[in-house]
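Structure, as structure tokens:
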Amino acid sequence: MPRTPPSSTDRALLAAVADRGVALTYPRLERLRTAGLLPRNTRHGLGRGHGSSSEPAADLVNYLEALAPLTGQGRSAHRAVLGMFLAGAVRPSSCGSTDEPYATYEKALRRAFRTEIDTADPDVNHIAALAEGALPESPLPDGPAPEEATEAGLDRAFAAAESAAAQRVTRRRGRLDRAAAAWGGLTGRTREQILREEEQSLLAAAELVAPEWQHAPEESAAPPFPADAGRPLDAGIFTAPRDTCDCRSLTTHMPTSRAGRHDILDAVCFCQLDRARAVGGAVCSMVTTLRDASLAAPDDPFPLAAMALCSRTVFRLLLRHGQQLSLQRPESIVPLTLFFLQDCRWLRSGAALLMQLALWRMPAAEGDTARVAAVFRALDEELPRPRTLRSQGGTGLLLSLDGILHSARLLGVPGPANESHPAPS
């Protein structure tokens, strides 16, 4: 509990937030500051002997309107800030802005990312810990030889990966794999093949082995697209020479490992994080929703057409897996965002997929991506983001909106939606 009563500035701030329909008490306001989610008021001297005055950061009311409903008893600070990030509730006027409350928000967001990277996958952390402890620093004279200790430790790590893979490969995973094969994008696999892939993924994330595609790409590459399925939507993106791609390696570790994810996070600015969040989040959310709709209603033409389209892109691999993003679990946006930052071609492919689906949903646009972008830009200008975030389905709406707007920029669609972020000051 705060030891001093609220200042006149804080009382005015709380009243302004209450006018927006958000309940926020002074003790909770102070807890947000202590947790590093809220900047302190700026104090100004009034001259010698006249004391000082204080004022809140500009736009702090809008910031609190989005943040306060996500906080409260039993809710972690880092989960609250990830909820804001998932919905794109906070958008600085420029990348790398030092203005408050954006600078405080970005610091809190990066702390939340680091917490998730370190704790989100206990299976991988356990496997890595077993591997790290395989060779004792000072083996006892009567203990096993160093090479024997290493072999025993690595055996335990590989056994842990096998056990974790068996728990992850559920019956639903098998059904999704068969559905992906039926849509024409991938060949069906046996349970043993699925288990082996999952085990390889866990071991690669623990940096024990490189994934099989690095050793023998010709053996584990996805099968070619059917000849009669039409040209893949993202064929030009992935067949272009690598020197036309403006992305670069952000880590020397496996990108899915803990060290690799920390490297990627440290190497990118907030605008890059936000773009990967918007495009990657919108793609995964939309693919999962349309896939489940297609399974539930096989005669519905739109989700069926969407699955046919998706099965001819790099995202056909997503059709095999369960839900990658949960709007109820904002922490799920962390690995997804970092994954889409590994290669900018994934972002451009996602942008092409989102834009094509938007064109199908908006026949009045007559195939004109600029008209689609204009509609979404107008919607973005009208929607009050903090209030939308509190509404039913608001997070999904804002994520889809941002996905299209960032897609328009990535694809070079003409119009205001293609304006880039202001340069860093």
Side-chain angles (χ1 to χ4, degrees), residues 32 35-39 57 59-60 62-72 75-120 261-262 264-286 323-342 347 350 380 383-391 393-407 409 421:
L32 293 177
L37 301 184
L38 201 64
D59 208 30
L60 192 58
N62 287 333
Y63 179 76
L64 275 172
E65 185 184 357
L67 175 63
L70 300 176
T71 63
R75 298 183 182 181
S76 67
H78 88 268
R79 202 166 184 269
V81 78
L82 289 174
M84 294 177 67
F85 178 68
L86 172 59
V90 176
R91 297 186 298 177
S93 58
S94 63
C95 194
S97 173
T98 58
D99 296 337
E100 295 291 3
Y102 307 117
T104 295
Y105 168 70
E106 183 177 350
K107 290 177 183 176
L109 178 64
R110 290 183 181 274
R111 285 197 304 271
F113 262 68
R114 293 187 182 97
T115 298
E116 284 300 313
I117 291 170
D118 289 337
T119 63
R261 286 174 170 173
H262 277 297
I264 293 171
L265 176 64
D266 292 340
V268 298
C269 66
F270 176 83
C271 295
Q272 290 170 301
L273 275 176
D274 190 57
R275 182 178 64 180
R277 180 271 314 177
V279 176
V283 166
C284 290
S285 179
M286 192 170 295
Q323 191 177 37
Q324 301 295 305
L325 175 68
S326 170
L327 301 182
Q328 288 70 46
R329 292 190 306 106
E331 61 272 18
S332 62
I333 194 63
V334 173
L336 191 155
T337 298
L338 297 173
F339 174 81
F340 273 80
L341 285 167
Q342 296 175 32
L347 286 171
D380 181 47
L383 273 180
R385 284 190 171 245
R387 190 181 307 167
T388 303
L389 178 59
R390 303 201 309 272
S391 66
T395 297
L397 173 61
L398 292 173
L399 184 60
S400 299
L401 174 62
D402 286 346
I404 293 295
L405 294 176
H406 278 280
S407 295
R409 297 186 186 106
H421 250 299

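For clarity, every value in this text was computed on a predicted model and none was experimentally measured.
Between Ala278 and His406, the shortest heavy-atom contact is CB-CD2, 3.4 Å. The two residues Tyr63 and Leu37 come nearest to each other via the heavy atoms OH-O, 2.6 Å. Nearest heavy atom pair, residue Arg277 against residue Thr337, reads CA-OG1, 3.7 Å. Taking both residues in full, the closest heavy atoms of Leu86 and Leu399 are given as O-CD1, 3.6 Å, listed atom of the first, atom of the second, then distance. Looking at every heavy atom in both residues, Tyr102 comes nearest to Arg91 through CE2-O, 4.1 Å. Listed here is the closest heavy atom pair of Val81 and Ala108: CG1-O, 3.9 Å.
The CG atom of Leu327 sits 10.5 Å away from atom CG of Leu398, with the distance rounded to the nearest 0.5 Å. Rounding to the nearest 0.5 Å gives a distance of 8.0 Å between SG of Cys284 and CZ of Phe339. One finds the CD atom of Glu116 at 9.0 Å from the CZ atom of Arg79 (value rounded to the nearest 0.5 Å). To the nearest 0.5 angstrom, Tyr105 atom OH is 15.0 Å from Lys107 atom NZ. Rounded to the nearest 0.5 angstrom, Gln328 CD and Thr395 OG1 are separated by 8.5 Å. Expressed to the nearest 0.5 Å, how far CG of Asp380 lies from CZ of Arg385 amounts to 5.0 Å.
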Between Leu325 and Ile333, is the side-chain contact (heavy atoms from CB on, under 4.5 Å) condition met? List the steps. CA-CA 6 Å; Leu325 175 68; Ile333 194 63; 3.9 Å; yes

Start with the C-alpha distance between His78 and Leu82, add both sets of side-chain angles, then the distance that settles side-chain contact (heavy atoms from CB on, under 4.5 Å), and finish with yes or no. CA-CA 6 Å; His78 88 268; Leu82 289 174; 3.8 Å; yes

Gln272/Ile264 under side-chain contact (heavy atoms from CB on, under 4.5 Å): CA gap, chis, key distance, verdict: CA-CA 11 Å; Gln272 290 170 301; Ile264 293 171; over 6 Å; no

side-chain contact (heavy atoms from CB on, under 4.5 Å) evaluation trace for Glu331 with Thr115: CA-CA 10 Å; Glu331 61 272 18; Thr115 298; over 6 Å; no

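Side chains of Val279 and Ser407 form a contact here, defined as non-hydrogen atoms less than 4.5 Å apart. Proximity of Leu60 to Glu100: side-chain heavy atoms (C-beta onward) are nowhere separated by under 4.5 Å.
Exactly one residue among Val90, Leu109, Val334 makes a side chain to side chain contact (heavy atoms under 4.5 Å, CB included) with Phe85. That residue is Leu109. Paired with Val268 under the rule side chain to side chain contact (heavy atoms under 4.5 Å, CB included), one option of Leu338, Leu273, Asp274 passes, and it is Leu273.
Not a single donor-acceptor pair under 3.5 Å links the side chain of Ser285 to the backbone N or O of Ala282. Judged by distance alone, with hydrogens and angles left aside, the side-chain atoms of Arg387 form no donor-acceptor pair with the main-chain N or O of Glu65 at under 3.5 Å.
Residue Arg390 qualifies as enclosed at atom CZ: its count of foreign heavy atoms under 6.0 Å is above 12.
Between Arg275 and Asp402 there is no salt bridge, since no side-chain N of the basic residue sits under 4.0 Å from a carboxylate O of the acidic one.
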